[in-house]
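Throughout, protein chains are lettered first and strands after them, A, B, ... in sequence-line order, and every chain is numbered starting at 1. As the structure is a computational prediction, the values presented were derived from the model and not from experiment.
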Amino acid sequence: MQRTLTSWFSGWLQGLGALALLARDAFVAVLRSRTPWRELIYQVYFVGVKSQSVVLITGAFTGMVLSAQTYFQFHKVKMDTATLAVTGVSMCSELGPVLAALMVAGRVGAAIAAELGSMRVTEQVDALRTLAMHPVDYLVVPRLLALHIAMPLLTLEAIAVGIGAGYMVCVYLLGIDSTYLWSNMLRYTDIPELMTGLLKSFVFGGVIALIGCYKGLCCGEGAEGVGRATTEAVVYASITILISNFFMTMVLAPLLG
Amino acid sequence: MIEVSKLRKLFGTQTVLDGVDFSIEKGESVVIIGRSGGGKSVLLKHLIGLLTPDGGEVRVAGQNIANLTERQLLKVRAKFGMLFQGAALFDSMSVAENVGFAFRNRAGLAPEEINRRVTEALAMVDLRGIENKSPSELSGGMKKRVGLARAIVYQPEIVLYDEPTTGLDPIVADSIDRLIMRVRDRLEVTSVVVTHDMRSARRVGNRILMLHQGRIYASGSPEEIFASQDPVVRQFVDGVADPQEIGF
């Protein structure tokens, strides 16, 4: 039992080290302008444009249900018009970035791990290396940059749609006065909340890309290896997003006020 | 051109290469034969730095590549072209993009010049007019030809072939052998071919090395290997299974 735990911990530590080295390689490659621009544009399209429906639906329904639940509680203490303020703050600093990132981790993180894993088992990654192309430059850098670019934009979209949908529910379904509702939302939802959300989404983008690429490039042999890499990419990215979100909240809240 | 000395490679507790020694001269065409799972492809991948040895040296043009980083290896690999067992074509790209891929990170070539070279390389492997097809539309033999075109398009000094005729019918296999000989003679490249197809080995090699139990067991011209009376070499050349191995 102890040996199994030691072996698991050692494997986990090795994986973490390899992930850190991959991040360093990618960072150095970006600094030295080794970005394949055509690939980057395609990846921004794949991550950003193709994730629209998932992120819009997530943002809209999260904003709607959050507004409804907040209203049901606030109505008891006659604070109906503060409903959208809670939705705004929550969507900007927590729910918008976290839920958008979780959805993108499921869609894009899985796709990255599956694509790179398939390339690895069919020797396409080795073929890249024989053609004097570094896999980090060609495969990791465009995906990492694409997620760093697209994730804040997707989050911004999720926040806007969430607040908009929450507003609709409050005004047209729950009958709250729209002027006070909007005014209170603007009073409590300010630049710091929005900045917190955008900073978080930037970090989450990196987490999804790096874990997806790492799992794909280091996947086991055959279809089983690719399948496992895909599952692990989504699970590890999701867990990392949730854990890092807590620590970022603790650091950013006092900093941004 | 290539010198391998005391090369060792382990996967877990299994020793795959156990002190491999040989050298290849410039312009030579060497075939490495051996049983399936015997470490031939592993050995080939060490020559181009795709795998890092656990011991020993691999020298390419006098430079030991065993301890180079991945970025340092990129410069060494510019001397090489490699045809993979399954061709390893990039399935998200067309044939022309696959063949011209090596020029992406080589500045200074105009798109027209790249197109000309791609067409030329495809013509050399007897494939014309398929530039816009995707790899999924090609047969196994065509994929190998495109893989070969991709390996030779930038005129490397050394071409490595990993099981070039495996999985192909005898007629297509014969055409691949002819292409290997054509590339060797026209481009005057050093060729290293890994195979267990003895007919192919006899045709394309100036010299045959036999890998057995992690070491070079026999070395000689194709005539010498085919005439050898050594029981291990004889068994492989004649393709006779050991009765104990198949559970008789």
Side-chain angles (χ1 to χ4, degrees), chain A residues 7 10-11 14 18 21-22 24-43 45-46 111-112 114-143 213 216-218 220-223 226, chain B residues 11 41-42 44-52 65 68-93 97-107 111 135-136 143 146-154 156 158-163:
Chain A
S7 147
S10 150
Q14 275 180 18
L21 290 175
L22 181 70
R24 185 204 62 182
D25 277 356
F27 184 66
V28 171
V30 172
L31 286 184
R32 294 193 179 165
S33 305
R34 295 195 186 112
T35 310
W37 296 104
R38 212 172 73 169
E39 265 298 298
L40 174 62
I41 291 166
Y42 173 74
Q43 289 299 330
Y45 167 77
F46 176 72
I112 290 175
E115 188 182 2
L116 269 52
S118 300
M119 285 184 76
R120 200 191 97 79
V121 299
T122 56
E123 294 186 308
Q124 290 178 54
V125 175
D126 280 345
L128 268 182
R129 296 166 71 198
T130 64
L131 293 165
M133 178 66 90
H134 199 299
V136 169
D137 298 352
Y138 188 71
L139 299 174
V140 181
V141 168
R143 285 166 176 80
C213 289
L217 290 174
C218 300
E221 293 302 322
V226 178
Chain B
F11 288 111
S41 296
V42 170
L44 196 73
K45 286 181 178 178
H46 276 91
L47 303 186
I48 193 169
L50 290 178
L51 289 174
T52 310
I65 64 165
L68 296 184
T69 63
E70 184 70 19
R71 293 225 178 261
Q72 290 168 329
L73 278 168
L74 296 182
K75 285 178 192 159
V76 178
R77 289 187 191 131
K79 293 186 175 72
F80 286 87
M82 183 165 176
L83 172 60
F84 286 84
Q85 194 171 340
L89 300 180
F90 305 124
D91 42 26
S92 58
M93 297 179 198
E97 286 171 326
N98 261 284
V99 178
F101 186 87
F103 296 118
R104 281 193 179 204
N105 56 346
R106 291 173 194 214
S136 60
K143 281 182 186 169
V146 173
L148 182 55
R150 186 176 68 180
I152 60 169
V153 71
Y154 50 96
I158 307 160
V159 182
L160 309 179
Y161 301 88
D162 189 6
E163 308 268 13

For [X], is it the side chain, the backbone, both, or neither that has a heavy atom closer than 4.5 Å to a heavy atom of chain A?
{"X": "B/Phe90", "value": "both"}
{"X": "B/Lys45", "value": "side chain"}
{"X": "B/Leu89", "value": "backbone"}

Hey, which of A/Arg38, A/Gln124, A/Met119, A/Glu123 has the most heavy atom pairs under 4.5 Å with chain B?
A/Gln124

Contact leader toward chain B among A/Asp126, A/Thr122, A/Val125, where contacts are heavy-atom pairs under 4.5 Å
A/Asp126

Could you give me the CA-CA distance, side-chain angles and deciding distance for B/Leu50 and B/Arg77, then say whether side-chain contact (heavy atoms from CB on, under 4.5 Å) is met?
CA-CA 10 Å; B/Leu50 290 178; B/Arg77 289 187 191 131; 4.2 Å; yes

Full working for salt bridge (Lys or Arg N to Asp or Glu O under 4.0 Å) between A/Asp25 and B/Arg71:
CA-CA 10 Å; A/Asp25 277 356; B/Arg71 293 225 178 261; 5.9 Å; no

Turns out that what part of A/Thr130 lies under 4.5 Å from chain B's heavy atoms comes down to both

Check the angle between the aromatic planes of A/Phe46 and A/Tyr42 and answer parallel, tilted or perpendicular using the 30° and 60° thresholds.
parallel

Can you name the residues that form a side-chain hydrogen bond (donor to acceptor under 3.5 Å, both in side chains) with A/Glu221, not counting sequence neighbours?
A/Arg120

Sorted by chain and residue number, the side-chain hydrogen bond (donor to acceptor under 3.5 Å, both in side chains) partners of B/Gln85 (sequence neighbours excluded) come out as none

